[in-house]
Every structure is written in structure tokens, then in C-alpha cells.
Novice: 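First the structure, then my questions, so here it is.
Count residues from 1 along the sequence.
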Amino acid sequence: MTPSKRILDGMQSCEISSDSTDDPLSSDLRTHRQPRIVVIGAGLAGLAATKILLKNGFTDVTVLEASDHIGGRVHSVQLGKATLELGATWIHGANGNPVYHLAEDNGLLEHTTDGERSVGRISLYTKNGVAHYQTNIGKRIPKDLVEEFSDLYNEVYELTQEFFQNGKPVCAESQNSVGVFTRDVVRKKIMLDPDDSESTKKLKLSMLQQYLKVESCESSSPSMDEVSLSEFGEWTEIPGAHYVIPEGFMKVVELLAQDIPSRTVSLSKPVRCIHWNHSAQHQEVITKSSDTHQDNNHNENNHGCQPRQDPLILGHPIYVECEDEEWITADHVIVTASLGVLKQNHEAMFSPSLPEDKVLAVEKLGISTTDKIFLEFEEPFWSPECNSIQFVWEDEAQLEQLAYPEELWYKKICSFDVLYPPERYGYMLSGWICGQEALYMERCDDETVAETCTELLRRFTGNPNIPKPWRVLRSSWGSNPFIRGSYSFTRVGSSGGDCERLAMPLPYANSTKAPPLQVLFAGEATHRKYYSTTHGALLSGQREATRLIEMYQDLHRAETTKPNM
């Protein structure tokens, strides 16, 4: 087991102390040429990597962020007194979770109410109160019927975990799909129940479809039919509750960034191509870098190519070509681009191209869009004990595939959660939608979304007098060109091994005598156990920084133990 793997499995921070001037790494870095490291992306993974590199004596680190703000898929928005999360919302679990400890140690959880700590598997903003399951004819499903169905569903959910955890073989009928397996097993159990009437069975079958919509929002998959059954149980839950940060998840981002000098981070700096491994475009690059000398920050900081000077002579094996035509030399690049961006851009983004097995990993792993729709009302139309309104379409009981044409995108909205407490959020609902239908929603204007959601709420609650919300706010992760989706999942045909292949640095150690660790990969999709989470992203950034730190420590040890000739 490598030291960095050991650190990761122990859920410890990968920070290596560099306070002492006797630290071999930092003193070695001061006497030799500093390795030049470019981090692509200023989300949690990129910031975590940068923070550790700087703390361990690396001074020539540049972060290139395509958008105009740091944080990546963390996006907290101030709306009146409330902070709303368009992106990451929960800290999933406490014990050993580095994001939890960062938040707790810095007082970010002091004002978190008991209601904002959820231990439920299907996450809500609050465990206070009751979920109202409403049908499309405006009727509420009785609470005892909901609980009965919920117990049945959770029993089958536990079965989905066993294929990975207990190495159970997957039968062909399930098509190795969580959705297909769950639907088949739950339907059989419902139909075989001798105590239920036909109308009760139909209601339970309709609730099954709604639960699968919620589950696909949680997995950020277009449908649970696309999620791999054999791999589903590998995602590992950290023990403890799910926490909301009242002041906003952005506070965690700010904590990570606070020791990173602002000159280190360049915003609105999209990358066009990473020319690595003494790329074939070498000669063309030299010409270009000579022709496009610009007086910008990077050249002032000696990060850019100096005109008419071949950086490879200086030992830099990589050029990072930016959209603004600047070329930046590097010894190492840590790529934290989302899986969605890699899927769309990997061919243009790497020269030479990524190895075939890495391309396959990018293609096989899944990422989709989960969006939120916030509706703010003057007054609540829901009862005080209601914590969410769940939409159950009775006419969908027997459907196999829940995919809708563009004009029916709203049928994929699975629920609206009541944000709690009202002292903080006012009268606010948060709706959930995922998959292709989320992209359809992103194309609509605010007015259309407000009207459509109001009609839905009127229809399902049976209350025709619900007013339109006076404010709407929503996310658009799918159409964001620098993100292209919310977070990753193991799609049918992919496995945790694909996450590891995605994480493998280039060039592969056994394939070349070229300089090692030129291109490293971090981000939630590269973490085998914690993909889709903020702690997975943070740990992946620490993991890649630690690879570099350990390599230079090993080089230092090798140099200092050379026998005198």
C-alpha cells in the first residue's frame, strides 16, 4: 500500500508539516529550481491540492479557473437573510469527514439547528415534520400507507447494497441496473400482498416511481436504470448525520482558500489544451510562444513562456495553452475538471491524447444534472408540520422508463422540500429535478418555471388558490460550459476501477522514461469510495498533492544518500 493510499483510507488530512526550517523538502525546494505546478480548477479539489503544496514548500503554483469565481460546484447565494445552496448542500457524515472537521473547527456549524441535521437516507432539509405524498388528482396518500411502502422500499434498497458488499452475483434479468432490479422486486412484493386492495397496490406502484425519481436526483443519474447494481454498494457512507451550513457551503471554500495568495489564482482563465510529455506540437509551440508574448500577470510572475526561449531546455515538459492564447509552462499539472467537462472536451484538451483505457473510463462513468428550483412565497400555503410535498403521478404506476418529451419536463420534478427554519429562510420551497428534463428546465425563463411549478403545486395539493411565488432561483449545472453536470455515478458497465483509472497520473510509470507525474487527476469522480461528495473532492486534491510531495521527498532522499565518488 502506498503512503498516499494509506493516508486516504485513514481519512486523515494529507498535510505534511513544513513549519520547521529543517524540513528536508522545503529546504531542498529553496536550493533547487522550484517545480512549476499548474492546478486546473479552483473547486474543492483544486484548492485542497494548492493549499497543501504551498504549505509544504512549493512556491511556484498557479491555479487556473475557467469561471469568474472560485468554488466549482459549490455556489451559495444570498437571498435576503437566507443563504441558498445552488450546488453542494450537505456535509455527508461527521466521523472522520475532513469537510465536517473543517466546518466544525471553524464554528460553521454553531447555528445549525437539530432540524438541519438529517440522518435519513433520502435527504431532506429537515427531519422535523412529515412528508406529504400528494397524487396528481390532489389527494394526500395516508401517512400509514406511506410508511408501509417506505419500509418495503428501504428493505429492497438494502438488497441493492449487498451485490457489491457481499459479492452476490447479479442475475441477467436485472440487467445489472439498480432501477430495473428495484422496480422488479418491489412490484412483485406489492402484487403478492394479499391484504392490499387493487387501488392500494396502484398507489404503492405509483409511489415506487416517485421514490426512483428522488433516488435518481440523489445519484445525479438520468434514471436509476442507468446506475450499476453490481457497483452501487461501493459508495461508502461516513457515519453521522448530514449537516447543512447555515452561512453557506461557500464558507468551506473560503477556509480552504484563505492561505492561498490571490496572485496564485487566475479567474476567467479557461484552458484550451494541455501539451504534455514533450508533445509533438513542440516546435509549433515555441514559435507561438515567441509570437504571443503578452505583458500579463503570468509573465510578470515568470509563469509564462519567456519569448524566444525554449522552456524544455529549462526542463519543463508541459505547456498549458489557455483560451486567451497565453501559454504557461509546467512540470506538473493537476487537472480537477469535472467528469462532464472531460467527457465533452478530452480529445481537444490533451495533446498527446489520453491513453485508451483512461478515455474508456471517462466514457463509461456516468454524470448527469441534478438541479434545484427555489420558490419564495409571501406566506406559506402548506401546514406547519409539512416538511415536503412529494409528487406521485398515479398514471405512471406501470411505466418502465420515466423519460419525458421536452414539453413535459416538469413531470420529472420529484418533490419540493420546505426549507426550515422559517426564521432563516422565510417561506421557501426547494424543488428537485434531474436528467435530460433538468436541461429542458434550464432552457426555460424564470417566468415559465414559476408558472409551471405553481400549476404543479395547485394540482397536487388540490388547492387552486396557491399564488405564484414572488421570487424564483434555480441552478443550471448541465448547461454551465465549465461544469457540464452535477456529480458522477457508476453507470451500468462501469466500476470503481474506472474511478481509479481516471485518477492514474500520466505518463504511466511503466510506459516511458519521460518525467513522472506530469498530469495528475483529482475531483469527486476520481475517488472510488466517495465519488459525488465534497469530501471525495477534497480528499482527491490532497491525494494528488501528496503524490508530488512524496516524489520530491524521495528524490531528496536519493540525492542526499548518494555515495561520494
Side-chain angles (χ1 to χ4, degrees), residues 73-74 85-93 97 116-127 131 133 149-150 153-154 156-161 164 177-183 186 207-229 231-238 240-244 249 339-340 365-373 387-392 402 412-417 419 430-438 441 475 477-478 485-492 524-525 527 529-537:
R73 285 167 269 178
V74 176
E85 304 292 8
L86 288 177
T89 304
W90 288 277
I91 299 173
H92 291 288
N97 182 336
E116 288 169 307
R117 295 189 193 103
S118 165
V119 287
R121 191 185 60 72
I122 291 183
S123 309
L124 298 171
Y125 273 87
T126 170
K127 62 185 179 185
Y133 284 78
F149 173 76
S150 190
Y153 182 88
N154 286 329
V156 177
Y157 178 86
E158 294 306 318
L159 296 178
T160 65
Q161 305 295 290
F164 181 85
S177 156
V178 173
V180 173
F181 173 83
T182 303
R183 225 176 9 251
V186 174
M207 286 172 68
L208 167 61
Q209 302 285 39
Q210 194 274 341
Y211 267 58
L212 287 170
K213 285 181 194 177
V214 173
E215 199 83 69
S216 56
C217 280
E218 291 223 332
S219 290
S220 195
S221 60
S223 152
M224 291 310 289
D225 290 19
E226 292 199 23
V227 181
S228 171
L229 180 60
E231 306 299 314
F232 196 47
E234 184 165 25
W235 188 88
T236 305
E237 188 147 8
I238 294 176
H242 306 287
Y243 290 79
V244 172
F249 219 105
L339 178 63
L365 287 167
I367 186 167
S368 182
T369 301
T370 294
D371 278 326
K372 295 180 206 171
I373 306 167
N387 70 18
S388 66
I389 299 162
Q390 309 282 333
F391 296 149
V392 179
L402 293 179
K412 195 68 169 286
I413 298 177
C414 58
S415 63
F416 276 94
D417 295 335
L419 268 61
S430 170
W432 295 88
I433 185 168
C434 64
Q436 184 60 45
E437 294 81 5
M441 182 277 296
S475 59
W477 294 111
S486 297
Y487 42 85
S488 63
F489 66 97
T490 41
R491 193 159 61 185
V492 175
E524 53 84 16
H527 200 295
K529 289 183 181 175
Y530 302 131
Y531 59 85
S532 81
T533 65
T534 53
H535 54 274

Novice: Do the side chains of Glu215 and Val178 get nearer than 4.5 Å, heavy atoms only?
Specialist: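 When only atoms from C-beta onward are counted, Glu215 and Val178 do not touch, as no gap falls below 4.5 Å.
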
Novice: Is there a donor-acceptor pair closer than 3.5 Å between any side-chain N or O of Ser388 and the backbone N or O of Ala131?
Specialist: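 Flag not set: sc Ser388 to bb Ala131 has no pair under 3.5 Å.
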
Novice: Please report the shortest heavy-atom distance between Thr369 and Gly485, naming the atom on each side.
Specialist: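 Heavy atoms only, the tightest pair is OG1-CA, 3.7 Å.
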
Novice: Within a strict 4.5 Å, meaning less than it, do heavy atoms of the Asp225 and Arg183 side chains meet?
Specialist: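 Answer yes - side chains close enough.
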
Novice: For side chain to side chain contact (heavy atoms under 4.5 Å, CB included), just list the numbers for Tyr153 and Leu208, CA-CA rounded to whole Å, side-chain angles, deciding distance to a tenth of an Å, and then say yes or no.
Specialist: CA-CA 8 Å; Tyr153 182 88; Leu208 167 61; 4.1 Å; yes

Novice: With heavy-atom distances below 4.5 Å as the criterion, would you say the side chains of Val244 and Trp90 are in contact?
Specialist: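 Result yes, sub-4.5 Å side-chain heavy-atom pair found.
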
Novice: State, to 0.1 Å, how close Glu524 and Thr533 come at their nearest heavy-atom pair, and which atoms those are.
Specialist: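 So the minimum-distance heavy-atom pair works out to CB-O, 3.7 Å.
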
Novice: Applying the side-chain contact (heavy atoms from CB on, under 4.5 Å) test to Ser219, which of Trp235, Tyr487, Phe232 qualifies?
Specialist: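 It is Phe232; the other options fail the test.
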
Novice: Quick one: are Val227 and Val492 in side-chain contact, heavy atoms under 4.5 Å?
Specialist: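 Not in contact.
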
Novice: Among Glu237, His242, His535, find the one that has a side-chain hydrogen bond (donor to acceptor under 3.5 Å, both in side chains) with His92.
Specialist: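 It is His242, the one option of Glu237, His242, His535 that forms the side-chain hydrogen bond (donor to acceptor under 3.5 Å, both in side chains) with His92.
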
Novice: Hey, does the side chain of Ser220 reach the backbone of Ser368 with a donor-acceptor pair shorter than 3.5 angstrom?
Specialist: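 Pair found, side chain donor or acceptor close to backbone of Ser368.
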
Novice: Which pair of heavy atoms, one from Ile373 and one from Phe416, lies closest together, and at what distance?
Specialist: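 Closest approach of Ile373 to Phe416, heavy atoms only: O-CE2, 3.7 Å.
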
Novice: What are the two closest heavy atoms between Lys412 and Gly435, and how far apart are they?
Specialist: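 Closest approach of Lys412 to Gly435, heavy atoms only: NZ-CA, 4.4 Å.
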
Novice: Of all heavy-atom pairs between Ser216 and Lys213, which one has the smallest distance, and what is that distance?
Specialist: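 Here Ser216 and Lys213 meet closest at OG-O, 2.8 Å.
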
Novice: Does some side-chain heavy atom of Val214 sit less than 4.5 Å from a side-chain heavy atom of Gln390?
Specialist: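 They are in side-chain contact.
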
Novice: Nearest 0.5 angstrom please: Ile433 CD1 to Ser415 OG, how far?
Specialist: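 These two atoms lie 11.0 Å from each other.
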
Novice: In Å, rounded to the nearest 0.5 Å, how long is the span from CG of Leu212 to OG of Ser223?
Specialist: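 Here the rounded value is 7.5 Å.
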
Novice: Starting at CD of Gln210, measure out to CG of Leu402 and round the result to the nearest 0.5 Å.
Specialist: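 Answer rounded to 0.5 Å: 10.5 Å.
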
Novice: Treating Asp371 as the side-chain partner and Trp477 as the backbone partner, does any N or O pair qualify as donor plus acceptor under 3.5 Å?
Specialist: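 Indeed, once roles are kept as given, a pair shorter than 3.5 Å links the two residues.
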
Novice: Side-chain contact, heavy-atom cut-off 4.5 Å: Leu339 with Ser488?
Specialist: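 In short, these two side chains touch, coming nearer than 4.5 Å.
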
Novice: Return the CG to CH2 distance between Asp417 and Trp432, rounded to the nearest 0.5 Å.
Specialist: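 If I round to the nearest 0.5 Å, the distance is 7.0 Å.
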
Novice: Got a second to check how far Ser430's OG is from Leu86's CG, nearest 0.5 Å?
Specialist: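 With rounding to 0.5 Å, OG (Ser430) is 9.5 Å from CG (Leu86).
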
Novice: Angle between ring planes, Tyr133 versus Tyr211, binned at 30° and 60°: parallel, tilted or perpendicular?
Specialist: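 Answer is parallel, since the angle falls under 30°.
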
Novice: State whether the side chain of Arg73 and the backbone N or O of Ser486 hold a donor-acceptor pair below 3.5 Å, judged by distance alone.
Specialist: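 Looks like yes, one N/O pair under 3.5 Å.
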
Novice: What heavy-atom pair brings Thr89 and Phe249 nearest, and what distance separates the two atoms?
Specialist: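 Thr89 and Phe249 have their closest heavy atoms at O-CD1, 3.7 Å.
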
Novice: Atom OG of Ser177 and atom CZ of Arg491: how far apart are they, to the nearest 0.5 Å?
Specialist: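 Going from the OG atom of Ser177 to the CZ atom of Arg491 covers 12.5 Å.
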
Novice: What pairs with Phe489 under ring pair (Phe, Tyr, Trp, His ring centres under 6.0 Å), at least two apart in sequence or on another chain?
Specialist: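 Here no residue qualifies.
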
